[in-house]
2 protein chains.
Amino acid sequence: MSKKSAPAATALAALADPTRRQLFERLRSGPRAVGELARGGTVSRPAVSQHLAVLKAAGLVRDTAAGTRRVYEIDPKGLAAIRAWLDDMWGGALQNFSAELEKDNDERES
Amino acid sequence: MSKKSAPAATALAALADPTRRQLFERLRSGPRAVGELARGGTVSRPAVSQHLAVLKAAGLVRDTAAGTRRVYEIDPKGLAAIRAWLDDMWGGALQNFSAELEKDNDERES
DNA sequence: ACACATGGTAAGCATACACTTACTGTAAGC
DNA sequence: GCTTACAGTAAGTGTATGCTTACCATGTGT
């Protein structure tokens, strides 16, 4: 399924931005409202909204309406997409790397 | 060694670019010279060089001089950095998600 | 119903960055 | 030694995008 890389690409691009990553990591502590996220962050509230929209489009977060607040939480779907892609890459990397293992031995714990 | 997230950030940013990802994925087939990579790609040779430099800085590829050719191969180090970061995120995501598992069960794959 | 709070959207700006065409350096082949 | 091939670097350009301020929509509490 070559179409599997597409969501991974979106998720990768989404997490490439430092602010977005920071936002995402903050959601690890649990669901948060937009204002709550903007309060402790370094950028304005609209910026947070835009970033959350990108993360949502990438399947990395999920939003729930709670009155006038909008609560965002981590959605494992996007993370799973990245993980699948990474595992695929990892296989190829090992295949390629196994031939070099004997001659190259940088700091690497077994 | 507490700056483990930094390499992950670089690697994430490097792989966020489609061309760079394409380049990286092409290296799964094995080590390739720059001209070889540019030959089948969509961008010019200098662009490939620049992208390879970024990938190298991110610890994702490794280069070896072979006469006038410069052969690039996948370096698992960058991939490992991403994987470590991902695993960390995954733990948090699961922790957050476990409470929601029962009520959420949508899949709109077709 | 009115006022306040919360958050998404619009428009605009400023920087970053992916790509190109030249140029330079270096190693192989004659 | 000279020419040819291969690759990295410089300089410049166009577009994408992250951020801001202003505005609009929705929901809640009195």
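Each chain gets a letter, A, B and so on, in the order its sequence line appears, and its residues count up from 1. Note: hydrogens, waters and symmetry copies are ignored here, and every other heavy atom, side chains too, is used.
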- List the protein contact pattern of nucleotides 17-30 of chain C with one symbol per nucleotide (5' to 3'): B for base contact, S for sugar-phosphate-only contact, - for none; contact means a heavy-atom distance under 4.0 Å. -SBBBB----SS--
- Query: Looking at CZ of R70(B) and CG of L37(B), how far apart are the two atoms once the value is rounded to the nearest 0.5 Å?
  - Reply: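 Reported to 0.5 Å precision, the distance equals 13.5 Å.
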Ignoring hydrogens, what is the shortest heavy-atom contact between [X] and [Y]? Give both atom names and the distance.
{"X": "R20(B)", "Y": "A14(B)", "value": "NE-O, 2.8 Å"}
{"X": "I74(B)", "Y": "L27(B)", "value": "CG1-CB, 3.7 Å"}
{"X": "S29(B)", "Y": "R32(B)", "value": "CB-NH2, 3.6 Å"}
{"X": "R21(B)", "Y": "A16(B)", "value": "NH1-O, 3.3 Å"}

- Message: Between P on dT6(C) and CZ on R39(A), what's the gap in Å once rounded to a whole number?
- Response: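 Distance check: R39(A) CZ to dT6(C) P gives 10 Å.
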- Take L12(A) and W85(A), measure what side chain to side chain contact (heavy atoms under 4.5 Å, CB included) needs, and give me the verdict at the end. CA-CA 10 Å; L12(A) 250 328; W85(A) 179 85; 4.1 Å; yes
- Message: Check this for me: R26(B), atom CZ, are more than 12 non-hydrogen atoms of other residues, nucleotides or ligands nearer than 6.0 Å?
- Response: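 Yes, because the 6.0 Å sphere around CZ of R26(B) holds more than 12 heavy atoms from other groups.
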- Message: Applying salt bridge (Lys or Arg N to Asp or Glu O under 4.0 Å) to R83(B) and D87(A), what does each step give before you reach the verdict?
- Response: CA-CA 9 Å; R83(B) 180 182 263 285; D87(A) 282 350; 2.4 Å; yes
- Task: Check whether any side-chain nitrogen or oxygen of R69(A) sits under 4.0 Å from OP1 or OP2 of dT6(C), and answer yes or no.
- Result: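 The answer is yes; a side-chain N or O of R69(A) sits under 4.0 Å from OP1 or OP2.
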- Is the phosphate of dT6(C), meaning OP1 or OP2, less than 4.0 Å from a side-chain N or O of Y72(A)?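 So the side chain of Y72(A) is outside the cut-off, no N or O lying under 4.0 Å from OP1 or OP2 of dT6(C).
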- Base, sugar-phosphate, or nothing for A33(B), non-hydrogen atoms under 4.0 angstrom?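 A33(B): backbone/sugar contact only, no base atoms under 4.0 Å.
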- Heavy-atom contact window of chain A on DNA chain D, given 5' to 3' at under 4.0 Å: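 Counting from the 5' end, contacts occupy dG18(D) to dT28(D).
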